[in-house]
Structure formats: C-alpha cells, structure tokens
Amino acid sequence: MIDIKSLRENPQRYIDGAAEKNISVDITTLLDLDEQRRLFTRQREEHRAEQKRISKEIGPQIGKLKSQLKSANEEETLQIESQLVELEAKPIALKTEIQRLDESISTIDPQWKELLLQIPQPADEDVPKGNSSDDNVELRTWEPAGFDLSKSFKENRGFEPKSHLELVSELGLADFERGVKVAGTRHYMLTGNGMRLHQAALRFAFDLIVDSYNFTPTSVPMIIREESMVGTGFFPTGRSEAYHIEESKRGSGHDLFLAGTGEVGLMGMYGDEILDEEQLPIKMATVSTCFRREAGAAGRDTAGLYRIHQFDKVEQVVICKSDEEESRHWHKEMIVIAENILVQLGIPYRLLQCCTADLGAKNADMIDIECWMPGRGELDADGKPSGAWGETHSASRLYDYQCRRLNMRYRDADGNTIFAHSLNNTVLASPRILIPLLEMHQQQDGSVSIPECLQQYMNGLTVLEPTHASSV
RNA sequence: GGACAGGUGGCCGAGCGGCUGAAGGCACCGGUUUGCUAAACCGGCGUACUGGUUAUACCGGUACCGCGGGUUCGAAUCCCGCCCUGUCCGCCA
C-alpha cells in the first residue's frame, strides 16, 4: 500500500507510476473520495466532541430527573418530562447528524480502501521503462566452464539435447499421466530418483541459506487467511490466482486461501507488530509448497514440469530498516545467494532487470533470474528445440509498500514508529529447477550426472541411469 | 464435533453505564541518592487519524478495552452476531 499522504501531495507521481506499469487505476476518483472522506470525518469528529461535551454537562441532570420521575405525581411527571425533552433535544440532534455522517463515511470507506490497495508502488527511477517483458534488460550472464552460451548445446557437447520431458520419461523421474489422473491438468507425480532429486535440490538450497548466510529457518502455513493475502499484496489484484477454500460456506469460520509462495507466511509473521530496531534486519528462509491456479495461462507451457499448479520452493525474505541504501544492499545480497546456488548446480543463468511493465503493483524494482533450458524454445526445421531462457527466480524490492499493508513497524532510536522495508527472492523452486538441471547435465548415453553439491543428498549417487528407468 | 471458561495497554491485572485512554503492579526511559551494582525516592512511559501551521517540537480533537452491529443523551461496562484462546470429552498424523 502506498502512503495516502504522499499521494495527496504528489498525485502525478502515482499517475505516471501506474501508467509506466501498465496498470489502470482511477487515482482521480480516489482523490475525490479521499477529500470527501476527510471532510465528513472532520465534521463527525467536531460533532462528536460537542456531543461528548454536552453529555458530560447535562448527563448528571438527566440522571437526576429520571430518578425523580419514579416518585413523582402526575403533575410533576409532566413537568419533568418536558424538562427532559428540552435537555435531550440538542444531543439528539447531534446524534442524528452524526449518524447521517456515519452513513456517508461507511459508503465511501470501502471504495476508498479498495482503490487505495490497488495503487501500485511507482517503479524506481533507475528501472527501465517498457511495455512488456520484451523490454527487460539483461544485466549479465554466467556459464559454467566448458559451456559457451553463444553456441548451441550440440556445438558445446557434441550431441542433440533431449528435453526434460524425454529425460524424465526415460529415467523414470515423473509420471504425468497419473498425476493428471489423480489431480487433474497441470499436475504430476515425481517418482523414484525424480522425487529424490527434487528433495535434494530443496535441501541443498535450504541448508546453504541457513548455514552459510544465517537466514533463520522458519516454517510457514500454506493455508492462509484473507488478511494476510491482502497484507502481503497478493490481494485484491491476484485473487484469481489463488485457490479459495470456502470454509464460510460450511457454517462457521472464515474463508482460507492456498498460498502461492512462502513469502505470505514469512511476511505475515510480524504483521501488526512494532519491532525493536535492534531486531532488524530479520532474515528468514522457508521451504513450502506453493499453489497457483495459473488462471489466464491456458494453453501455455502445458507439458512438463514448467507451469504446474503445485510446487515446492525455498524462499528468502529480509525485513530491514526504512533505508533505501540498506534495501538495495539486501537486494543484491539475496541475488548473490541465488547465483551461488546456480553456480554450484552448474546451470547457466542470466540476470534480468525487469522493466516497469513487468514489475507488478508492489515492486519498486525486480530482478529475475532465468536459467538456460536447452529443451525449450522454438523448434528448428528438424523439430529440435533451440533452447531458451526460463524464469526460475525473482527478487523483489518493495520499500515499505508491503509493511504498510501488513502494519509492520519498528521503533527507532528516537522512539518513532516507522514502517519497515521488505524484500524477497526465490532461493530455489522445484521441480522447475529440475528442467535446466536435467537438461544441462544430460550425457550422450542418455544418463544425467548429478552435480556434486547434491550427491550427499542422494546417498552418494553420481549419475542417473536410463537403465534404472521404471517404465511401468 | 460436544461442554464449560475467558479475551482490557509491552506483560500481569482492576473496572462492569457518565468523574476511565483506562486504577495498581511489573518491565522500560530520565533524574536524585550511592564507592560500583542493587535498593529507595521523584518524574515519564500506547497507536492511528486529524486541526492549530509548512515539520516526527508543542497544544487541541476523534478513534481504539478481540472484531462487527445494536440499545442509550452517554458504552470497556448492557444486548446480538462472529472470531480467537484455554480446559475437559470425542476423533486423529
């Protein structure tokens, strides 16, 4: 959520910011509503103050008269009642007026709030302007020794690469048909060494960020209340992307939603709290299952492990002081961690500076990491894939946008309460990461070598052999 | 799922129609005293919005005693709905 005061002072900044992000939101209407809301609220407060003042003044008199009523004769009763009517006339008039203002405010308020939640955080000055993900800017690439990204896989390795679909099938690592049988489209079941490799990759990433980078290991709920989804900025905009559990339809309770990322639980953890400055930065890592409806992605990436409804992800989050320099510092650090993992996995990658259009509402800046996936991309004349970059990581820098929504603050040395800054980045998401992992480490004989860093998590296994395939 | 009990400031805990933003205590901060620490004493100590003004300094107003609604001239206090927590029973990894 943006700061409404900042919007009042400089609406153009937010109008331009939304336009650059290709997000349409009615800022003019919001400002109108805001104006009305403030006016009515101020009037209400004035009336209320008057009401309290009067009430204090005449309250005791009313009380006394009412107790006199009980022992009064007929004539006295009439007299007392007329006194009461007189005394109560003013506060009753105020009360009516206050109720009228309350109604106006309660009509405006939901619209005001709904709009405010939708105003995107303007992108930073140094974020390139663009219209689509085509305008993202490549910052740098990395390739393992012996692999030249300017050449094809075949030129590098001397044989045509198989796609992860073929590898998975030949090595018996996943069963798509049965996944779909059990759970429907875009579902899968990892089998045998596929499940093992998946767990190994997650465990490797989790251990690395916890042991080498001192992130606090934390578990998160994956079934989430609406407040946390709004607080972390996934709602209202991303509502259609989340699975909805309609508990309210079963009687009591509130609805719940399946989290699309561990970020929701991690960030929600300190919502509505005032932290001590000394507690910052808070660095947390989790591994959790992520659920995505993939609404609007119909027909895209329908085969394989790329775009699926359920996956597991090691996620990193940093909550730090409200300081741009520090935020930027952590952003870089978090990206380095992801890079370290990809280097150890021996997967070529590139860093992409996302342009304004690709940022989403909550980010001021976002760096994606894409891995080289030889089995993806356009098919050539022989039906062979040319390889393509595929997104595996996304590092966001949000200033206080998220903490403001979550009402997460800290107290600084001067005793002020300040909204913290937050950042998040993927550490490793699997099974998507298995795509480049398998495709890059495949060998001419159809086997796949296991990167050294994963072997200890595979009981020392160094290679996946097609002969072991369970082609059942 | 059934039966009770309860939700008040950072924590404990009083209040149960107006004098309560809320007693008292603990914790915390500042000061006095003190060889140091401790103790004692004095003072301070919530958040948000809003007005005086342009500012996190000062003064005023409003809101907040789980959440939402109602009764009342006036609600932490009365009524209704919901949420949450605890205990016991049932079920269960």
Side-chain angles (χ1 to χ4, degrees), chain A residues 1-10 30 33-69 80-110 112-113 116 219 221-228 230-231 245-257 268 270-279 289 321-323 400 403-420:
Chain A
M1 183 164 69
I2 58 141
D3 183 357
I4 184 78
K5 285 184 200 161
S6 168
L7 177 71
R8 284 178 202 138
E9 282 162 18
N10 191 359
L30 174 60
L33 288 171
D34 184 53
E35 187 76 20
Q36 287 180 50
R37 199 179 94 104
R38 292 177 78 195
L39 177 66
F40 291 151
T41 304
R42 194 159 64 241
Q43 289 177 352
R44 200 201 104 98
E45 285 182 3
E46 283 164 5
H47 285 129
R48 184 81 179 122
E50 177 72 358
Q51 185 189 37
K52 285 172 84 165
R53 198 185 59 74
I54 291 175
S55 179
K56 231 168 232 178
E57 199 175 287
I58 65 169
Q61 296 177 49
I62 291 173
K64 201 178 288 176
L65 287 172
K66 282 193 172 165
S67 69
Q68 280 176 15
L69 261 183
I80 292 170
E81 277 176 351
S82 79
Q83 282 184 343
L84 277 174
V85 168
E86 202 179 311
L87 278 173
E88 289 176 358
K90 186 92 184 274
I92 285 176
L94 281 170
K95 186 187 180 182
T96 312
E97 185 61 17
I98 288 169
Q99 281 171 346
R100 199 183 61 80
L101 286 165
D102 275 343
E103 273 171 40
S104 304
I105 292 168
S106 61
T107 309
I108 292 169
D109 216 53
W112 176 84
K113 197 162 194 181
L116 180 58
S219 83
M222 293 159 219
I223 308 169
I224 302 281
R225 301 181 61 138
E226 181 161 15
E227 289 86 339
S228 301
V230 173
I245 305 170
E246 295 184 291
E247 280 297 290
S248 60
K249 284 196 173 167
R250 307 174 72 179
S252 62
H254 44 256
D255 285 4
L256 294 160
F257 299 85
Y270 293 106
D272 279 322
E273 292 189 29
I274 301 177
L275 304 160
D276 291 330
E277 189 171 2
E278 295 77 56
Q279 288 175 261
T289 303
K321 281 192 275 191
S322 177
D323 179 279
D400 63 2
C403 292
R404 193 177 283 280
R405 283 177 171 248
L406 285 164
N407 195 27
M408 188 197 302
R409 294 160 295 171
Y410 67 94
R411 201 179 299 282
D412 74 2
D414 299 326
N416 300 313
T417 56
I418 301 172
F419 290 109

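Worth knowing before you read on, the calculation uses all heavy atoms, side chains too, and leaves out hydrogens, waters and symmetry mates. Here is how names work: the chains are called A, B, and so on, in the same order as the sequence lines, proteins then strands, and each is numbered from 1.
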Pairwise [atom1] distance, [M] and [N] [rounded to whole Å]:
| N | M | atom1 | answer |
| --- | --- | --- | --- |
| B/G18 | B/C79 | P | 16 Å |
| B/A55 | B/U50 | C1' | 16 Å |
| B/A23 | B/G13 | C1' | 10 Å |
| B/U8 | B/C78 | P | 15 Å |
| B/A48 | B/A57 | P | 12 Å |
| B/U77 | B/C58 | C1' | 35 Å |
| B/G86 | B/G81 | P | 23 Å |
| B/C45 | B/U37 | P | 26 Å |

For [N], does either OP1 or OP2 sit under 4.0 Å from a side-chain N or O belonging to [X]?
| X | N | answer |
| --- | --- | --- |
| A/Thr417 | B/A48 | yes |
| A/Arg411 | B/U47 | yes |
| A/Arg409 | B/A48 | yes |
| A/Arg8 | B/U50 | yes |

Notebook entry, point to check: Is there a donor-acceptor pair closer than 3.5 Å between any side-chain N or O of A/Tyr410 and the backbone N or O of A/Ser322?
Noted result: yes
Notebook entry, point to check: Counting only N and O atoms by type, is there a donor-acceptor contact under 3.5 Å from the side chain of A/Asp276 to the main-chain atoms of A/Glu278?
Noted result: no
Find the distance [X]:[atom1] to [N]:[atom2] and express it as a whole number of Å.
| X | N | atom1 | atom2 | result |
| --- | --- | --- | --- | --- |
| A/Asn416 | B/A55 | CG | P | 15 Å |
| A/Gln51 | B/G74 | CD | P | 5 Å |
| A/Arg48 | B/A63 | CZ | P | 5 Å |
| A/Arg404 | B/A48 | CZ | P | 11 Å |
| A/Lys52 | B/A76 | NZ | C1' | 13 Å |
| A/Asn407 | B/U47 | CG | P | 12 Å |
| A/Ile274 | B/G9 | CD1 | P | 13 Å |
| A/Gln99 | B/C73 | CD | P | 10 Å |

Note to self: On RNA chain B, compare the nucleotides closest to A/Glu9 and A/Ser55; which residue's is nearer the 5' end?
What the structure shows: A/Ser55
Next item on the list: Report the residue (A/Glu88 or A/Arg37) whose heavy-atom-nearest nucleotide on RNA chain B is the more 5′ of the two.
Entry: A/Arg37
Item checked: ring-ring contact (aromatic ring centres under 6.0 Å, His included) partners for A/Phe257, two or more places apart -> A/Phe235, A/His244
Next item on the list: Just call it for A/Ile92: base, sugar-phosphate, or nothing, with non-hydrogen atoms closer than 4.0 Å on any strand.
Entry: sugar-phosphate
Item checked: Residues A/Glu97, A/Arg100; criterion salt bridge (charged side-chain N to carboxylate O under 4.0 Å, His left out); working and verdict -> CA-CA 5 Å; A/Glu97 185 61 17; A/Arg100 199 183 61 80; 2.8 Å; yes
Next item on the list: Please round to the nearest 0.5 Å and tell me the distance separating atom CD1 of A/Ile418 and atom CZ of A/Arg411.
Entry: 10.5 Å
Item checked: Test applied, side-chain hydrogen bond (donor to acceptor under 3.5 Å, both in side chains); reference residue, A/Asn407; option that passes from A/Arg409, A/Arg405, A/Arg404 -> A/Arg409
Next item on the list: Would you mind reporting whether A/Lys90 and A/Glu50 have side-chain heavy atoms less than 4.5 Å apart?
Entry: yes
Item checked: Selection from B/C73, B/A63, B/G61 that lies nearest to any side-chain heavy atom of A/Pro91 -> B/C73
Checklist line | Of the listed nucleotides B/G61, B/G51, B/C83, the one nearest the side chain of A/Arg225 | finding: B/C83
Item checked: Derivation and outcome, side-chain contact (heavy atoms from CB on, under 4.5 Å), residues A/Arg8 and A/Arg38 -> CA-CA 12 Å; A/Arg8 284 178 202 138; A/Arg38 292 177 78 195; 3.5 Å; yes
Item checked: Runs of at least three consecutive pairs that involve RNA chain B, where pairs are Watson-Crick or G-U with distances under 3.5 Å -> B:1-7 with B:83-89, B:10-12 with B:24-26, B:28-32 with B:40-44, B:46-52 with B:58-64, B:66-70 with B:78-82
Note to self: Under the criterion salt bridge (charged side-chain N to carboxylate O under 4.0 Å, His left out), I'd like the reasoning laid out for A/Glu45 against A/Arg42: C-alpha separation, chi angles, the key distance, then a yes or no.
What the structure shows: CA-CA 5 Å; A/Glu45 285 182 3; A/Arg42 194 159 64 241; over 6 Å; no
